[in-house]
Amino acid sequence: MTSSKNTTSKLDYSLVFILLLLFLASCLSIYSAQASGQYDSNFLVKQIIFYGIGCGIIAAVIRLDSDQLKKLAWYAYGAGILLLVFLIIAPESIAPVINGAKNWFKVPGIGSLQPSEFVKIFIIVALAKVIEDHHQKNPVKTISSDLWLLIKLGIVTMVPLILIIKQDLGTSLVFIAILLGMIFISGITWKILVPIFSVGTALISVIFYFVLLKPEVLEKYLGVRQYQFSRIYSWLDPYNFQSSAGYQLTRSLLAIGSGQTGGKGYGNREVYLPESHTDFIFSVVGEEYGFIGASVLVSLFFLLIYHITKVGMETKNNFYTYICVGVISMITFHVFQNIGMTIGVLPITGIPLPFISYGGSSLMGNMLGLGLIFSIRYHYKKYMFSTTD
């Protein structure tokens, strides 16, 4: 009884409340999306089950303190790499090719499982350990030590990145976003970062030039697929591709635009939009609740990110701070990319809206990330509106 009360007293109720609001928003949106008659499956029931599994993941992770997480970091990372390798060599009976990509395992009772969603979290913990260990071994910062840290962070990220980049560009971008966030918090001097990011920006500009004017070069030497080019072209000029690659974007823009300020009301959707329960769930919110409802949902994500930021700033454990930055980078990129692609600001990459879009792997991966935040609160008794230990 005492142990139960002690666990309850250390639970982060602010984060529980935010997660509950996200759960309700997800259920309402998915129920409305599947009510259009596009689908035979009851995605709402499955999403509730996935949330239940996610809560079980949180309950398991919350007990792990920083020392235990550090000990498990490389085991989890290694397991994730092995899963990605096995995904490549597995027969299609186990890992089917869906929409030209081999990203999922078939799992009885669940449907499909995307290992890269969990690898995101494993990378965060591994990078946090790399930074923590490096600073302990190198208490005096030098250019060479900072450069060596950057190389180590790059290697840890590049291994899984190479394994998935041809199959899943969207998740690859998430890996890069996590890496960038961890680099900025690692304390590496700007004397190294500025030249590197300048070269990176120039390289991206060159790649964009080839995408627009000489796509055959990227297709031949980098293995970029034709459907990936079509996503760029349909993003830049969606209405010229509205019968093919630009169909979803034009329908999404129509749905969100038709919602105007206050929306059409719950269940009053009129715009047909395929896969609206997954990657384009924000379009459902925009059409039914308009600008006001969409702003409320965005504000909820802002509150989540603010809360995790506060956790990272309050903890006295640097390893925990690094984890918070990694989770923030992951969630922030997901939110900006998903919402950006539904309103035409960013190209379509197939990245779901965290905690809202239907999808077991994505949701459980995000819940694993929140489990780390719950663990930090569990082992550090500082609450959202408190300044005392």
Side-chain angles (χ1 to χ4, degrees), residues 61 64-85 115-139 141 144-165 168 170-190 192-193 196-197 200 305 308-309 311-313 315-334 337 351 354 365-376 379:
V61 174
L64 300 176
D65 60 23
S66 61
D67 290 335
Q68 292 171 316
L69 287 173
K70 289 176 185 178
K71 291 178 181 178
L72 292 173
W74 292 120
Y75 293 105
Y77 178 83
I81 297 301
L82 290 176
L83 282 174
L84 293 179
V85 171
S116 59
E117 293 292 340
F118 299 93
V119 175
K120 295 174 188 177
I121 309 302
F122 300 157
I123 287 178
I124 290 173
V125 179
L127 291 177
K129 178 172 172 54
V130 168
I131 298 171
E132 174 78 355
D133 291 347
H134 178 87
H135 287 318
Q136 288 182 353
K137 294 178 182 178
N138 300 274
K141 281 170 52 65
S144 59
S145 68
D146 281 2
L147 184 59
W148 177 231
L149 174 58
L150 182 63
I151 292 172
K152 289 190 288 186
L153 295 177
I155 292 174
V156 170
T157 307
M158 287 302 297
V159 173
L161 185 63
I162 292 173
L163 294 173
I164 71 164
I165 192 167
D168 191 350
T171 303
S172 300
L173 294 175
V174 179
F175 285 2
I176 295 173
I178 292 171
L179 173 63
L180 292 177
M182 301 297 270
I183 287 175
F184 283 124
I185 195 63
S186 67
I188 296 174
T189 177
W190 285 98
I192 295 176
L193 296 183
I196 290 177
F197 284 114
I305 293 168
I308 299 175
T309 302
V311 172
M313 293 176 66
T315 178
K316 299 180 179 70
N317 187 320
N318 289 332
F319 177 70
Y320 281 154
T321 300
Y322 303 144
I323 287 178
C324 288
V325 171
V327 174
I328 290 169
S329 301
M330 179 186 70
I331 294 177
T332 301
F333 183 83
H334 265 270
Q337 174 58 42
I351 291 178
N366 286 321
M367 294 289 269
L368 176 58
L370 282 194
L372 297 175
I373 308 303
F374 273 107
S375 173
I376 295 172
H379 296 285

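With a 4.5 Å cut-off on side-chain heavy atoms, V85 and L82 do not count as touching. Put simply, the side chain of N366 reaches to within 4.5 Å of the side chain of M330, judged on heavy atoms. Two residues are said to be in side-chain contact when any heavy atoms from C-beta on lie closer than 4.5 Å; V159 and Y77 meet this criterion. Here the side chains of S375 and D65 are not in contact, with every heavy-atom distance at 4.5 Å or above. Residues H334 and K120 are in side-chain contact: their nearest non-hydrogen atoms beyond the backbone lie under 4.5 Å apart. Side chains of T309 and C324 form no contact here, defined as non-hydrogen atoms less than 4.5 Å apart. With contacts defined as side-chain heavy-atom distances shorter than 4.5 Å, the pair I308/L370 qualifies. Counting only heavy atoms from C-beta outward, the side chains of F184 and W190 approach each other to under 4.5 Å.
Both the sub-6.0 Å distance and the 45° axial angle are not jointly satisfied by K129 relative to the ring of F319.
For K71, the NZ atom counts as loosely surrounded, since its 6.0 Å shell holds 12 or fewer non-hydrogen atoms of other residues, nucleotides or ligands.
Across every non-hydrogen atom of F175 and P160, the tightest pair is CE2-CB, 3.9 Å. Taking all atoms of both residues into account, the shortest heavy-atom contact from L84 to P115 is CD2-CG, 4.2 Å. Residue G181 comes nearest to V325 through the heavy atom pair O-CG1, 3.4 Å, listed as atom of the first residue, atom of the second, then distance. The minimum heavy-atom distance linking V156 with A126 is given by the pair CG1-CB, 4.1 Å. Of all the heavy atoms in I178 and L127, the pair that sits closest is CG2-CD1, 4.2 Å. In this structure, G369 and V327 approach most closely via the heavy-atom pair O-CG2, 4.0 Å.
The closest donor-acceptor contact from the side chain of H134 to the backbone of L150 lies at 3.5 Å or more, if one exists at all. Counting only distance, with no hydrogens or angles, the side chain of T315 and the backbone of V311 share no donor-acceptor pair below 3.5 Å. A donor-acceptor pair under 3.5 Å is formed between the side chain of K141 and the backbone N or O of G187. Judged purely by atom type and a 3.5 angstrom limit, T321 uses its side chain to pair as donor or acceptor with the backbone of G312.
Taken from CD1 in I165 to CG in L173, the straight-line distance is 8.0 Å, to the nearest 0.5 Å. Residue S145 holds its OG atom at 8.5 Å from NE2 of H135, rounded to the nearest 0.5 Å. Rounding to the nearest 0.5 Å places CG of L69 at 8.5 Å from CD1 of I376. Considering OG of S329 and CG of L179, their distance stands at 9.5 Å, rounded to 0.5 Å. Note: M158 CE to I176 CD1 = 8.0 Å, rounded to the nearest 0.5 Å. Atom-to-atom distance recorded for M182:CE and L149:CG is 10.0 Å, nearest 0.5 angstrom.
Looking at S66 and N317, their side chains do bring a donor and an acceptor atom within 3.5 Å of each other.
When each of I328, V174, L180 is paired with F333, the side chain to side chain contact (heavy atoms under 4.5 Å, CB included) condition holds for V174 and for no other.
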Apply side chain to side chain contact (heavy atoms under 4.5 Å, CB included) to residues L72 and L64 and explain how you reach the verdict.
CA-CA 10 Å; L72 292 173; L64 300 176; 3.9 Å; yes
